[in-house]
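A short worksheet on the structure shown next.
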Amino acid sequence: MSEEGNKEQPERAKTVDGLEKKWTKWWSEKEVYKYRGKDRASTYSIDTPPPTVSGHLHVGHVFSYTHTDVMARYKRMKGFDVFYPMGWDDNGLPTERRVQNYYGVYVDTSLKFDPSFLPPLEGGKAPKDFKAAPCSRENFIKLCENLSRKDEEQFKDLWVKLGLSVDWSMTYHTIGRECRRISQLAFLENLKRGEAYQKVAPVLWDTTFQTAVSQAELESREYPGFYHKLLFHADGEDVAIETTRPELLAACVALIANPKDPRYLHLKGKSVKTPLFGVEVPVLFHEAAQMDKGAGIAMCCTFGDATDVEWWREMSLPVRPILTKAGRISSQVPDWIQTQKGKEAFEKLENLTAFSARKEIASLLKESGEMEGEPVPTSRMANFYEKGSKPIEILPSRQWYIINGSHDEKLRSDLLECGEKLSFHPAFMKRRYDNWVEGLSEDWLISRQRFFGIPFPIWYRVKENGETDYLSPILPSEEDLPVDPSSSAPRGFKEEMRGKGGGFAAEPDVMDTWAGSSLTPLLASGWKRDGELFEKTFPMDLRPQGQDIIRTWLFDTVLRSWLEFKKLPWKEAALSGWILDPDHKKMSKSKGNVVVPKEPIEAYGPDAVRYWASSARLGVDTAYDEGEMKIGRRLANKILNASKFILDLKGSEAELSKVDSPLDLSLLSSLSEIEKKAACAMESFDHASALHETEAFFWSFCDDYIELVKDRAYKGDESALNALRLSLDSLLSLFAPFLPFVTEEAWHWAHPEGLSVHLSSWPRPLETSQSPEGFKKAALFLSLLRKEKSEKKVSLKTEVKKAVVFGPGSDEARIASNDLKAAVHALKIEFDPAAPETGVRIEF
RNA sequence: GGGCGAUUAGCGCAGCGGUAGCGCACUUCCCUGACACGGAAGGGGUCACAGGUCCGAUUCCUGUAUCGCCCACCA
């Protein structure tokens, strides 16, 4: 490096440390990632997954968001105006629970908004005799927004550190005013078109959270239980059934056997009496009764499981619910139990949880001699609400639904058609969508009996007798949205009329969190808010997301978009895999194996962490691997040092017309091949091979090409200097989507007054007169000569008399004759293409 | 029970109808004028198993096993 060189340029860094601060600031000041909004054709719009801000930061976040960012940066360099907003998901149960604890409050929907409300706590620990304070839903939402803001800062900090090229001026919140407005508006549109409806029906019910939940929120878990053999009484005989849920005996409405089962045919048209309670129930026959299960005859209760619901519905059985919403046996003896013995038995079960009632009834049955043998332990799969800790119950209640094709074959096939038209990456992920749509058995239950969330924009008339008339909803007009019906009155009513005869009552429920999330493409692109933006960005180009939420987020979004526009919400869906811990267990908070993303970013640098993430293909579960990050860091440092070497050479320029040496032209051809391969890989969402193609070429470029032309370059050879500079620019661009920091740094060394590398264009392959083969063969022979020296245990710079290069391919390497000679420090070089085998020889 | 994916060197992963690849780790050598947070070279694999198609299969087909995920099963 010359003295003059030092004066012209500030000292160039040798390692990547500290680059992120410099460039994140510069990117933000120069608005490098701003969406310019020219028109639809030049726009590439991304439906970014809004992370749940009340969750803790997790290295898995880094993984999938990097995949998206790589694509965003690639598209930007391809000349697209990238619309890449960020949303914050601050809706839903996790936030609700956090806010309750943090501020020491709970929601009382009967309260009105109090602008001067101050929560009793602000983080910290609650004192011993602390009692949470009630507040209105609106106050609660305000508190949530306060707390979420803090969490969002943390997330934003991470995203910025990681180098996500998000346009931060386009940020949205899922509990924000605009999201509430859009969610309510979209719901009212569904309602208007008859796609949303309410009904009283058995629903999946979580007794811990005391809310209805949807099919999509279920997960099955192993659950221990006992088979109990109960004796029902028929004329002159006992009929034994087996059940794992004897506590529901009082809710029994029938015994069901298979119509082909000879064992029970004689009971046709007869009835039996239940043990303990002496309630008369019919013996009925249905195909769904399995002869080989249990005793082959089952008791149908309202409701033990989905089969009970099926029987109840198809055979018009009565409803005899005995469980409360809290999951306890009700505290009043139901009127269908009429015997004194039965009433006494029921009283012993009152208010017990299902779990305790099971034990109690078993001992009652044993006492009365109506249970055969002892309960037999068994383990079965039971459905749980994914966030719950007790099995789901099925209770009848009034809920809101949105159609999803489960009962509408036309809609179902339309939705399957949507799946056909959407490009899934990787393609096999489509099967999960198909399976889900094909397996839907109920419409989407969207009402939740929670307080925090987006309220339904509905009031009901209250009849003169004080009963709420759910059949006559009162709807707000579009310009009044968002509304909270529990704190404001519908137009034409005074607040005093709330809950009174002739007045109104609010729909107390809130919407499923996915009801809001399923609208992210509408929310982000400004539907019913900014018509111009909407035209330019919707339908969106890309939905990146996790494979675990295909059945929820992806499907729900497709559904809402289909119902609203009869259009797909996006063209492509990119599904990232899981992050596993180094032992290949799924990383999760409960296992305590979560890595906080800040640590590796600080230890290895953001480019290194991005390198690890980018190395994994879409849809492939990937182990957390710091080794891979070390490689990324080494690559980033190498890029810096190779750039430094090239740019420190005197008089280096980047003009193709000045490159005339065949080897240099061949190198550029070889590079062009990589540019094509990388672009092709990127277009098919295979960022990992784009990166690895580039990386492999880059190492050969450093090890072989630079070594070959070093001598010429030092001597100021124009052709070599220009080829080096041209290659450098191209390589920096190829790496830019993956390693945004180090490429930006080196790019600015090369173009001190220039734009960001991220706004430069993706390299266009150059056509040169030389094929790539010459360079490849020269590199091959250089490496053979190096090997020869290494095996002869001499230093690479040891001077040798003669180097002989022979065999097939040696003719093509002739274009590097002088460069090879210089690189191996040979006084003379000879070629012998006639030799049958490829090889080299060195004479000392 | 149905579906989807995986199985290739000690580890992490590519690949592909024609002699098995990359990186890490390992061994040896080198502070060579971009880089020691570096470089050069080397050893290491019956491509899970069994059949089939083919001149030829790690690759395509069928089946089996193991692992992971999704759905169904909850008497």
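When reading the values below, keep in mind they use all heavy atoms of this one structure, side chains included, and skip hydrogens, waters and symmetry mates. Per chain, numbering begins at 1; letters A, B, ... match sequence-line order.
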Exercise for the section: Would you check if there is a donor-acceptor pair between the side chains of A:Asp621 and A:Gln547 at a distance under 3.5 Å? Expected result: yes
Practice task
Identify whether any heavy atom of A:Tyr227 sits under 4.0 Å from a base atom; if not, whether one sits that close to sugar-phosphate; answer base, sugar-phosphate or nothing.
Solution key: sugar-phosphate
Exercise for the section: Starting from C1' on B:C74, measure out to CG on A:Asp305 and report it in whole angstrom. Expected result: 6 Å
Practice task
Scan A:Ala823 against the nucleic acid and name what it touches under 4.0 Å (heavy atoms): base, sugar-phosphate only, or nothing.
Solution key: nothing
Exercise for the section: Could you please name the partner base of B:G1, counting Watson-Crick and G-U wobble pairs only when both distances are under 3.5 Å? Expected result: B:C71
Handout entry: Euclidean distance, atom NZ of residue A:Lys792 to atom C1' of B:C29 [Å, nearest integer]
Key = 15 Å
Problem - Toward the 5' end of RNA chain B, by each residue's nearest nucleotide, A:His825 or A:Ala306 - result: A:His825
Handout entry: Short side-chain N/O contact from A:Arg634 to OP1 or OP2 of B:C24, under 4.0 Å
Key = yes
Practice task
Would you mind classifying the nucleic acid contact of A:Asp703 as base, sugar-phosphate or nothing, using non-hydrogen atoms under 4.0 angstrom?
Solution key: sugar-phosphate
Fill in the blank from the handout: In Watson-Crick or G-U wobble terms, with both distances under 3.5 Å, the base opposite B:U46 is none
Exercise for the section: Name the closest nucleotide to the A:Ser220 side chain, picking from B:G42, B:C73, B:C37. Expected result: B:C73
Exercise for the section: Using a 4.0 Å heavy-atom cut-off across all strands, classify A:Lys797 as base, sugar-phosphate, or nothing. Expected result: sugar-phosphate
Exercise for the section: Using only heavy-atom distances, decide whether a donor-acceptor pair under 3.5 angstrom links the side-chain of A:Lys638 to the base of B:C35. Expected result: yes
Practice task
Kindly indicate whether the side chain of A:Val800, heavy atoms from C-beta on, has any atom under 4.5 Å from the side chain of A:Lys789.
Solution key: yes
Exercise for the section: Select one nucleotide: of B:A41, B:G39, B:G68, the one nearest the side-chain heavy atoms of A:Arg786. Expected result: B:A41
Problem - C1'-based separation of B:G51 from B:C70 [nearest Å] - result: 30 Å
Exercise for the section: Check if the side chain of A:Arg432 and the base of B:C70 share a donor-acceptor pair of N or O atoms closer than 3.5 Å. Expected result: no
Practice task
Please determine if a side-chain N or O atom of A:Thr307 lies less than 4.0 Å away from the OP1 or OP2 oxygen of B:C74.
Solution key: yes
Practice task
Evaluate the ring planes of A:Phe555 and A:Tyr433, with Trp represented by its six-membered ring, and classify them as parallel (under 30°), tilted (30 to 60°) or perpendicular (over 60°).
Solution key: tilted
Completion exercise
Any strand, both distances under 3.5 Å, Watson-Crick or G-U wobble: B:A65 pairs with B:U7
Problem - Rounded distance in Å - CD1 (A:Ile706) to P (B:C35) - result: 12 Å
Exercise for the section: Would you mind classifying the nucleic acid contact of A:Met381 as base, sugar-phosphate or nothing, using non-hydrogen atoms under 4.0 angstrom? Expected result: base
Practice task
Quick one: label A:Lys710 by what it contacts on the DNA or RNA (base, sugar-phosphate, nothing), any heavy atom closer than 4.0 Å.
Solution key: base
Exercise for the section: Find the partner of B:G38: check Watson-Crick (N1-N3 plus N6-O4 or O6-N4) and G-U wobble (N1-O2, O6-N3) distances, both under 3.5 Å, and reply none if neither fits. Expected result: B:C30
Problem - Integer-rounded Å distance: B:A25 P and A:Ile631 CD1 - result: 8 Å
Problem - A:Val16 side chain near A:Arg633 side chain, heavy-atom distance below 4.5 Å - result: yes
Practice task
Can you tell me the distance, in whole Å, between the CD atom of A:Glu693 and the P atom of B:A14?
Solution key: 14 Å
Practice task
Establish, from distance only, whether the side-chain atoms of A:Ser689 and A:Asp686 form a donor-acceptor pair under 3.5 Å.
Solution key: yes
Exercise for the section: Mind checking A:Cys300 for me? I need base, sugar-phosphate or nothing, with any heavy atom below 4.0 Å counting as a touch. Expected result: nothing
Exercise for the section: Name the nucleic acid region contacted by A:Glu628, choosing base, sugar-phosphate or nothing; use a 4.0 angstrom heavy-atom cut-off, strictly under. Expected result: nothing
Fill in the blank from the handout: note: A:Glu626, atom CD; B:C11, atom P; distance rounded to Å ~ 20 Å
Handout entry: B:G15 versus B:A57 - spacing of their C1' atoms, nearest Å
Key = 15 Å
Handout entry: B:G18 versus B:C29 - spacing of their C1' atoms, nearest Å
Key = 37 Å
Completion exercise
Only residue of A:Tyr604, A:Tyr624, A:Phe738 satisfying ring-ring contact (aromatic ring centres under 6.0 Å, His included) with A:Trp612 is A:Tyr624
Exercise for the section: Starting from P on B:G39, measure out to CG on A:Asp704 and report it in whole angstrom. Expected result: 13 Å
Handout entry: Closest nucleotide among B:C35, B:C73, B:G5 to the A:Phe428 side chain
Key = B:G5
Exercise for the section: For the residue pair A:His233 and A:Glu370, confirm or rule out a side-chain donor-acceptor distance under 3.5 Å. Expected result: yes
Exercise for the section: State whether A:Asp819 and A:Lys710 are salt-bridged, where the test is any N-O pair (Lys NZ or Arg NE/NH1/NH2 against Asp/Glu carboxylate O) under 4.0 Å. Expected result: no
Handout entry: Distance, P atom - from B:G17 to B:U32, rounded to whole angstrom
Key = 46 Å
Fill in the blank from the handout: Checking N1-N3 plus N6-O4 or O6-N4 for Watson-Crick, or N1-O2 and O6-N3 for wobble, each under 3.5 Å, the partner of B:A25 is none
Handout entry: Interatomic distance at P, B:A50 relative to B:A41, whole Å
Key = 38 Å
Handout entry: Base paired to B:C60 (Watson-Crick or G-U; both N/O distances under 3.5 angstrom)
Key = B:G52
Exercise for the section: Write down the distance separating the C1' atoms in B:G44 and B:U62, rounded off to the nearest Å. Expected result: 34 Å
Practice task
Answer yes or no: is there an ion pair linking A:Asp238 with A:Lys229, defined by an N-O contact shorter than 4.0 Å?
Solution key: no
Exercise for the section: Using only heavy-atom distances, decide whether a donor-acceptor pair under 3.5 angstrom links the side-chain of A:Asn435 to the base of B:C70. Expected result: no
Problem - Closest nucleotide among B:C35, B:A72, B:A40 to the A:Ser790 side chain - result: B:A40
Practice task
Identify the nucleotide, in any strand shown, that forms a Watson-Crick or G-U wobble pair with B:U19, with both distances under 3.5 Å; if there is none, say none.
Solution key: none
Completion exercise
Note: for A:Ala295 and A:Ser615 on RNA chain B, the residue whose nearest nucleotide lies more 5' is A:Ser615
Problem - B:C47 and B:A72, which share atom name P, separated by this distance in whole Å - result: 40 Å
Handout entry: Atom C1', compared across B:C13 and B:C55: separation rounded to whole Å
Key = 33 Å
Practice task
Respond yes when some side-chain nitrogen or oxygen of A:Arg617 is under 4.0 Å from OP1 or OP2 of B:A14, and no when none is.
Solution key: yes
Practice task
Rounded off to whole Å, could you give me the CH2-to-C1' distance for the A:Trp699 and B:G21 pair?
Solution key: 18 Å
Practice task
Using a cut-off of strictly less than 4.0 Å, decide whether A:Lys787 has a side-chain nitrogen or oxygen near OP1 or OP2 of B:G42.
Solution key: yes
